[in-house]
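Chain letters run A, B, ... following the sequence lines, proteins first, then strands; residues in each count from 1.
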Amino acid sequence: MRLEDYNPMKNEMYQVIDPSGKAKEKDHIPDLDDEQLKYLFRTMLYTRTIDEKALSYQRQGRMLTYAPNLGQEAAQVGSAYSLDKEDWLVPAFRELGAWLVRGVPLKNIYLYWYGNEWGSHMPDGVKVLPVSVPIASQLQHATGIGMANNIKNEKNVVLTYVGDGGTSHGDFHEALNFASVFKSPVVFIVQNNQYAISTSRKVQTLSENIALKATAYGMPGILVDGNDIFAMYNATKTAVDRARKGEGPTLIEAYTYRLGAHTTSDDPTKYRDDAEVEEWRKKDPILRFGEYLKENNVVDDEWIEETKKELGEEVKKTFESIEDNSDTELEDIFKYHFEKMPAQLQEQLDEYRSFLEGGK
Amino acid sequence: MRLEDYNPMKNEMYQVIDPSGKAKEKDHIPDLDDEQLKYLFRTMLYTRTIDEKALSYQRQGRMLTYAPNLGQEAAQVGSAYSLDKEDWLVPAFRELGAWLVRGVPLKNIYLYWYGNEWGSHMPDGVKVLPVSVPIASQLQHATGIGMANNIKNEKNVVLTYVGDGGTSHGDFHEALNFASVFKSPVVFIVQNNQYAISTSRKVQTLSENIALKATAYGMPGILVDGNDIFAMYNATKTAVDRARKGEGPTLIEAYTYRLGAHTTSDDPTKYRDDAEVEEWRKKDPILRFGEYLKENNVVDDEWIEETKKELGEEVKKTFESIEDNSDTELEDIFKYHFEKMPAQLQEQLDEYRSFLEGGK
Amino acid sequence: MANTLSIIQAINQALMNEMKNDDTVVVYGEDVGVEGGVFRATVDLQKTYGKERAFDTPLAESAIVGTAVGMAINGLKPVVEMQFSGFSYPAFNQIISHVARMRNRSRGQYNLPMVIRAPYGGGIRALEHHSESTEALYAQIPGLKVVIPSTPYDAKGLLIAAIRDPDPVLFWEPKRIYRAFKQEIPEEAYEIPLGKAKILQEGEDITIVTWGAMVPDVQKAVKMVQDKGISTEVIDLRTISPMDRESFIQSVKKTGRILVVHEAPKTLGVGAEIISIVNEKAFLHLEAPPTRLTGFDTTFPLPRGEKHYIPSPERIAKTIEDIVKY
Amino acid sequence: MANTLSIIQAINQALMNEMKNDDTVVVYGEDVGVEGGVFRATVDLQKTYGKERAFDTPLAESAIVGTAVGMAINGLKPVVEMQFSGFSYPAFNQIISHVARMRNRSRGQYNLPMVIRAPYGGGIRALEHHSESTEALYAQIPGLKVVIPSTPYDAKGLLIAAIRDPDPVLFWEPKRIYRAFKQEIPEEAYEIPLGKAKILQEGEDITIVTWGAMVPDVQKAVKMVQDKGISTEVIDLRTISPMDRESFIQSVKKTGRILVVHEAPKTLGVGAEIISIVNEKAFLHLEAPPTRLTGFDTTFPLPRGEKHYIPSPERIAKTIEDIVKY
Ligand SMILES: Cc1ncc(C[n+]2csc(CCOP(=O)(O)OP(=O)(O)O)c2C)c(N)n1
Ligand SMILES: Cc1ncc(C[n+]2csc(CCOP(=O)(O)OP(=O)(O)O)c2C)c(N)n1
Ligand SMILES: [Mg+2]
Ligand SMILES: [Mg+2]
């Protein structure tokens, strides 16, 4: 595919399979074998299971705040799958699908949401940055990682995510501008899920779509159906290849919808209609991809059921493995501020320990 | 004129009189009488005189850091002249021409550069904000002033300035986005003088021009020959009228050149060629407007000489009036932090006074 | 009519009252309008006073504060929300460079009658950046007032005073106790003067200065030591800047001992300033080292570690005993 | 070969040395490349090490610091410049939320070997925002080191140590004395350990703690009081955070008196922390109130007022006498 065939200034959107699962652009079906397709679908089912279980644990009081990615599975799984092993992922906080594709163990993910910093310590070789809570700030890290690649003459690229809300932030502007000026090999994905907590996308900006904002940086931008895993994969792959060839950054708007709540502390009925949600439920990316795969005899209902069961058990097992076993070690609170703990910190730790032990 | 006739996406630039002073678009000559034209030209000569004198005082060690606006007279005088009395001006720090048009007394201006805060205290009815040193931060004040107008249902508009360097800043993005979303009656003028201190405009952004950045906010943008006072006046007036009618903000790029140093602490020969400067000297906005006015018999050389002389004397008189008479009152350092001076501050003032008086 | 409210409800009522009393009060920020704020501080404002005066903004803290500067210059009294104090940093430049300085810069021509509200502090088992106590960052900036309430009554009265104040006020709300208890308070508007601490309890042996969500914890600790015969004077600072120095100077002159309890890290926390003032003003009265009991000099831990961070009533009690024994 | 340099030249040489010694060192910021910095701290770096390793950026402090975070994660050692410390605030969110926290957040996986340099302090008759001393803002943030040199020798050695440090360092340069005097220093790279204060002069009657551009002023004051028979111990703190507490604790145990002199405002300045530590660690040795002599709690005045702001040698001398007489 060619990015320039879809002009965001004309509000053109790239789509490969339509909401019913039919191929719309036949020659855009990516060249992936059945195992790969199953992996993608399995990963989407995995994220769905993780979300659902997390929500139910949360309702049972066994989990803290959790940000579901319900509805955004294609946008994440499809885009992240375009990376090579050595590439970097710089997430915001809602990138469950991308984390899984990039090899972040579920244990880390749950540990993080469960309130333990060790969740953000990735296994060796997993080049995924920790969650960045301050909206849009992570984009600058992505740009910097890419700039370092250029300086070191390394060919890996950086994939980074931000929400529609994040595009209003100054850091978005600066990160894209730096990336463009320094030809940083970054692909910026805006997951436009139509809301920033309760705030509608319409309140964020009057530009007709977000992809066209790329123009301001002399950067290509493309609007993509974010619920279409093939469109997301193709567009991201094209942008990743561009970046790897030294042609600089790309902005991709994944047009999608947050089917769930912002986080478990949020009640979306306060700010949006059920009817709107229902409309989008019909466009559920998992339904769509499932239809396509069934139609093309890659999976059948039985496979789906079994996979779901298997995933459900795995998720349960992983969650339970951390549940009673994840309090923060006291020393860890102090130990990672500097390579060598300064005297003041050591003293505070000692004093507190001595208090815990019942006095000086 | 119509803003939409000049498409920044195609790099079209609005120009009314060409560098030799000939009218290029005859029907775009604004409907101003000779007195008005003379006022405009006189004001340009005034800024030139103020700049030149300031530089010479500075060389004599009688002035501190000063930021000349040499070369940007048309961009400022032309744009500011489009405002009505009740409108606001929100400057950056290099807006000498706009200050004069809006009624800021030269005494204030020199006092400010001379290092006394009272320079920023405007006479009653002069709705001009103090210099804002942190680049691009003032744009948000402009947007907020306009938002307040909408809330209060007042019809005045806001004209604000930023440099090409400032367009890279996060605050630029946020201010334009807010202005657009809230239809704030603001006209944003980017004085693209090709440099941010030593940093070339080319380093700031890869977008072909700055005016097209408006697209990202769903806002009209126009690229204007900033050395053409009529083009600046017309474009700004059109944008101001739009804003007043409640149609929202506009971005204007004034394409111009800083003929002098960034400030008196700067040595531009370190980072740019004389040849480049020479090319732009030929496009000096004062020469151009002078040629036009002479051609059209509005002024003659004699008028120009006399005006210059008159202005020179006025500038000298004003500067000398502050020169030996502008030390900050001790109490003023403390007095304006809060409406009522807190006890701590009063104590610090008293202690210091007692030290000055030689003991407790 | 009984009007028994929590802190968060009292804040909402203060906003309601002032929007009614004064047309020029406008309230905005992220999720402040339609939803009424993630903590519901601004609930019903939009319904009652319209979209023009209570509204959602794009996600951009610098612009929220920066436009408030413009509004305040242009005759309004904006009350803006930072969704959490930990997200006030993108607005830091606007706050330190403009909010704090416009009056001085213009030699009194433009004052900024604006309020920046934010929930602050830990203990609600939240994500990173949702738990910090950084009142010291702002209290050190000349030209800002920093206010922290600890009860529904104070929250309402201080917020109304802040809105009416001709100078910019940072109003930091102790989210840990947003809903911890209720209090009967007047329904109509009333003011509690800024810059005045409150003596919660008089005592003879030691002075404790604290504020915000630590107040109830200190009160618990004080009860514990009371049984051991220690008489404590407890001061709720309420305004962090400019500080009511006389409140604790006079108290220390009586008790000879002082403990400052805060949730923020120790180094360069507000406790350091209080102790330095006590040294300057009551040195000869000191019978034990002025002491700080505070959060650690670390990032606030994620939930599985947070129980260690905030000084507990037990630790406070133990520290009081140690000082009194000195 | 004689290598007699001013502070600004020593900084330039430190950068030159480290760019030569270590390929991964890159230097960037506004006007840092072609021009070599508005104060010439980075002059010739681009000429010598190329545009890839010393370059100009668009005007955006948040991105300068934010991209440095990314670079540091990806194996480089960025040394970025804030043109003036007063323009570091747009980067405040990146500094407090990421620079200071990445190591802790990732439980040691990502450390950030980066340096943020900035000229700070007043006294050069500059425009607004060009004169402030806000080391206390940064010194209170867990996870950051803050370093301030006062001589060419220290500037070079501390900057090299900062660049080699595995943790992020804010290197605040006292611009008032950038060119005030020269010193002969080694041409090759050397390190002065971070976190260690320097005793400039030993004495018996009073301890003075200071740093940056105040050091020469304190030294002048000390000469004045010496004539009156007062023996002063002078400590140059050099690293503001984490602080070398032992240096002044031991000193105060000897002298019983302490004065902290800094240019920053008094309230919540670093002086407050030092005094609080002295109270905690040397209370029984105190013979006079630990004292601060500082800038006022005001915005730094424009040039026509600045002579009042920075404590003069005369004021310092007077204050020393007062404390000793106490
Ligand atoms: C700088 C900053 N401001 C505010 C917040 C609080 N906050 C958390 S998520 C969120 C909305 C983000 O919306 P969007 O960027 O669209 O991402 P989404 O949640 O839809 O994935 C807000 C305001 C934050 N985390 N950081
Ligand atoms: C936030 C901020 N960063 C850095 C500076 C230092 N500085 C002053 S002027 C300037 C360049 C501004 O360039 P531009 O916006 O093009 O305006 P011009 O000077 O050309 O009028 C810089 C970097 C500043 N004032 N504010
Ligand atoms: Mg969103
Ligand atoms: Mg410029």
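- At a 4.5 Å heavy-atom cutoff, F93(A) makes no contact with chain C through either its backbone or its side chain.
- For T298(C), the parts lying near chain A are the backbone and the side chain together; criterion is any non-hydrogen pair under 4.5 Å.
- Contact of T299(C) with chain A is made through backbone and side chain together, with heavy-atom distances under 4.5 Å.
- Here D297(C) is the residue among D297(C), T57(C), D56(C) with the most heavy-atom pairs under 4.5 Å with chain A.
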Side-chain atoms of residues 223-230 of chain C: list all donor-acceptor pairs with protein atoms under 3.5 Å, sequence neighbours left out, distances to 0.1 Å.
| from | atom 1 | to | atom 2 | distance (Å) |
| --- | --- | --- | --- | --- |
| K228(C) | NZ | E321(C) | OE1 | 3.4 |
| K228(C) | NZ | E321(C) | OE2 | 3.1 |

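- Along residues 260-277 of chain A, the residues that come nearer than 4.5 angstrom to chain C, judged on non-hydrogen atoms, are D266(A), K270(A), Y271(A) in order of number.
- Other residues, nucleotides and ligands contribute at most 12 non-hydrogen atoms within 6.0 Å of the CD atom of E329(A).
- Nearest heavy-atom pair across E128(C) and V133(A) is O-CG1, 3.7 Å.
- Of the listed residues (D164(A), L345(A), D332(A)), the one with the most heavy-atom contacts under 4.5 Å to chain C is L345(A).
- For a residue to count as touching a neighbouring chain, one of its non-hydrogen atoms must lie under 4.5 Å from one of that chain's; by this rule L64(A) touches chain C with the side chain only.
- Atom CZ of residue R304(C) and atom CG of residue N325(A) lie 11.0 Å apart, to the nearest 0.5 angstrom.
- The residue among S137(A), S326(A), G170(A) with the most heavy atom pairs within less than 4.5 Å of chain C is S326(A).
- In terms of non-hydrogen atom pairs under 4.5 Å with chain A, the most contact-rich of G33(C), A126(C), P58(C) is P58(C).
- The contact between K266(C) and chain A is made entirely by side chain atoms (from C-beta outward), counting heavy-atom distances below 4.5 Å.
- When each of P134(A), G119(A), A196(A) is checked for heavy-atom pairs under 4.5 Å with chain C, P134(A) comes out on top.
- Interface remark: H129(C) contributes side-chain atoms only to the contact with chain A (heavy atom separation under 4.5 Å).
- V38(C) touches chain A through its side chain: at least one heavy atom from C-beta onward sits under 4.5 Å away, while N, CA, C and O do not.
- Of all residues in residues 197-210 of chain A, those placing a non-hydrogen atom less than 4.5 angstrom from a non-hydrogen atom of chain C are I197(A), S198(A), T199(A), V203(A), Q204(A).
- Contact check for W113(A) versus L127(C): side-chain heavy atoms found under the 4.5 Å cut-off.
- Of all the heavy atoms in A60(C) and S168(A), the pair that sits closest is CB-O, 3.6 Å.
- Closest approach of Q348(A) to F296(C), counting heavy atoms only: OE1-CA, 3.2 Å.
- Below 4.5 Å, heavy atoms of chain C meet heavy atoms from Y112(A), all part of residues 105-112 of chain A.
- Contact annotation for H337(A): only side-chain heavy atoms (C-beta onward) come within less than 4.5 Å of a heavy atom of chain C.
- Of the residues considered (D171(A), V131(A), T167(A), I333(A)), I333(A) shows the highest number of contacts with chain C, using heavy-atom pairs under 4.5 Å.
- The two atoms that bring H308(C) and T328(A) nearest to each other are NE2-O, 4.3 Å, heavy atoms only.
- For E306(C), no part sits under 4.5 Å from any heavy atom of chain A, backbone or side chain.
- With values rounded to the nearest 0.5 angstrom, E117(A) atom CD is found 3.5 Å from L302(C) atom CG.
- Around CZ of R40(C), the count of heavy atoms belonging to other residues, nucleotides or ligands within 6.0 Å exceeds 12.
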